[in-house]
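Below: one structure, written as structure tokens.
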Amino acid sequence: MRALLKSIASLRLTFAGLAALIVNSFAVSQWPDAALSWLVLPLSLLAVNLFAALLVRHAFRQQAALLLFHVGLLGVLLLVAAGVLMRFDGSVEVVEGTAFNSAVVTPRGTGWLHPDRLERVRFSQGPLEVNYLSGLRRDTTHSRVLVSQADGTEVRRDIGDREGFTSNGYRFMTTFNKGFAVLVLWRDADGREALGSVNFPSYPKFDWKQRKDWTTPAGEPLALELKLVERIPGEAPWTLSSRDADYEVGISGATLAATTVKPGEPVAVKGGEITVVDLRLWMGYRIDYNPLLPWLLTAAFLSLGALGVHMAQKFRVPRVSDSVPARGGEQAA
């Protein structure tokens with residue numbers, strides 16, 4: 001058994017695990033579609049290798065700080081591997097005045113052991129403002145949200161580019177991706193109604209192509225174009241907001257001649273009619289889930305602290321009193 005542990009604790013296996021970790025990390029960084037979960041294999045190999053070394057190498061057990069450093073390092077490896085397996089990374093666009101809908105989230109990466117609790121997240125999007133300095137230099141973002149807590153209470157938050165909020169373990173952060181949306185009311189031939197939103201491309205990045213294809217509930221493909229009266233100021237400070245914005249919407253389709261409508265004007269289309277109700281802003285959010293990050297940070301600090309103590313002990317400069325014999329006991333000749 002001891003011989004097996006020694007072989008598992010060998011430096012050759014350590015180098016093999018590190019090489020595999022480097023290769024997998026490079027693959028994930030270069031190809032976003034690569035499975036991040038494959039990093040678990042080299043991380044697990046390194047963890048087993050380190051655990052075996054802790055069992056068979058007496059030097060670790062003879063020096064408390066060195067032992068604590070390696071135990072912390074083992075914790076880091078295990079927590080990173082578990083975090084990769086439990087992680088979730090995604091994005092979503094939420095329109096002012098609407099509630100978050102987990103069904104429209106775009107996942108970018110999901111761990112094999114992710115608990116999938118995103119449908120428990122409850123928050124509604126309030127007013128949005130993005131301030132710009134002269135020359136369209138982005139300044140501050142104000143996204144006001146109403147977040148439901150586990151006990152049923154609701155908390156109002158004003159978040160920005162450096163501060164997000166967490167709900168059910170999922171962290172939401174604003175991104176640079178935001179733009180205009182129009183609320184569209186659909187009424188079919190039987191008088192049944194449905195209200196939805198059409199999100200236009202990011203603004204002001206794509207101010208020159210505020211156009212979006214949209215299909216009605218009756219299956220009629222349409223092209224909508226947002227036409228803003230106010231232009232973006234070139235050099236003056238400016239605030240992106242949907243309040244008091246003057247706009248029109250161009251609508252065209254295969255069976256519909258191109259027309260421009262103002263808010264509240266119905267347009268007859270195949271199977272019913274549509275009415276542009278209001279203009280809103282939408283905010284793009286980055287969604288992350290890794291509940292083990294606080295434990296990972298603790299293990300990392302523990303390991304670094306122990307390493308610092310070990311290095312201080314190893315390279316401690318002896319005091320003069322420790323190296324020179326005391327002269328007080330010498331007798332005169």
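In this structure, Ser44 has no side-chain hydrogen bond (donor to acceptor under 3.5 Å, both in side chains) partners at least two apart in sequence or on a different chain. Shown here are the side-chain hydrogen bond (donor to acceptor under 3.5 Å, both in side chains) partners of Arg137, two or more places apart in sequence or in another chain: Ser134. Asp139 pairs by the salt bridge (Lys or Arg N to Asp or Glu O under 4.0 Å) definition with nothing, not counting sequence neighbours.
Each ring pair (Phe, Tyr, Trp, His ring centres under 6.0 Å) pair with one or both residues in residues 222-272, not counting sequence neighbours, appears once here: Tyr132-Trp238. The ring pair (Phe, Tyr, Trp, His ring centres under 6.0 Å) pairs that include a residue from residues 173-208 are Phe180-Tyr203, where partners are two or more places apart or lie in different chains.
Between Met86 and Pro291 there is a side-chain heavy-atom pair separated by less than 4.5 Å. Using a 4.5 Å heavy-atom cutoff, the side chains of Val80 and Leu78 are not in contact. Using a 4.5 Å heavy-atom cutoff, the side chains of Val130 and Arg138 are in contact. Between Leu133 and Pro237 there is no side-chain heavy-atom pair separated by less than 4.5 Å.
Of the residues Asp89, Thr174, Thr175, the one that meets the side chain to side chain donor-acceptor pair (under 3.5 Å) test with Arg286 is Asp89.
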Margin query: Walk me through whether Arg243 and Glu129 qualify under salt bridge (Lys or Arg N to Asp or Glu O under 4.0 Å).
Written below: CA-CA 10 Å; Arg243 294 194 299 271; Glu129 286 184 357; 2.4 Å; yes

Next item on the list: Check step by step if side chain to side chain donor-acceptor pair (under 3.5 Å) holds for Thr215 and Glu220.
Entry: CA-CA 5 Å; Thr215 302; Glu220 175 76 357; over 6 Å; no

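In this structure, Glu230 places its CD atom where only 12 or fewer heavy-atom neighbours from other residues, nucleotides or ligands lie under 6.0 Å away.
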Show me, pair by pair, the donor-acceptor contacts under 3.5 angstrom made by side chains of residues 257-265, not counting sequence neighbours?
residue : atom : partner : partner atom : Å
Thr260  : OG1  : Lys227  : NZ           : 3.0
Lys262  : NZ   : Glu248  : OE2          : 2.8
Glu265  : OE1  : Lys262  : N            : 3.1

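Ring-centre distance between His310 and Phe69: not below the 6.0 Å cut-off. If you look at Phe123 and Phe165, their ring centroids are closer than 6.0 Å.
Ring orientation note: the planes of Tyr170 and Tyr289 are tilted relative to one another, at an angle of 30° to 60°.
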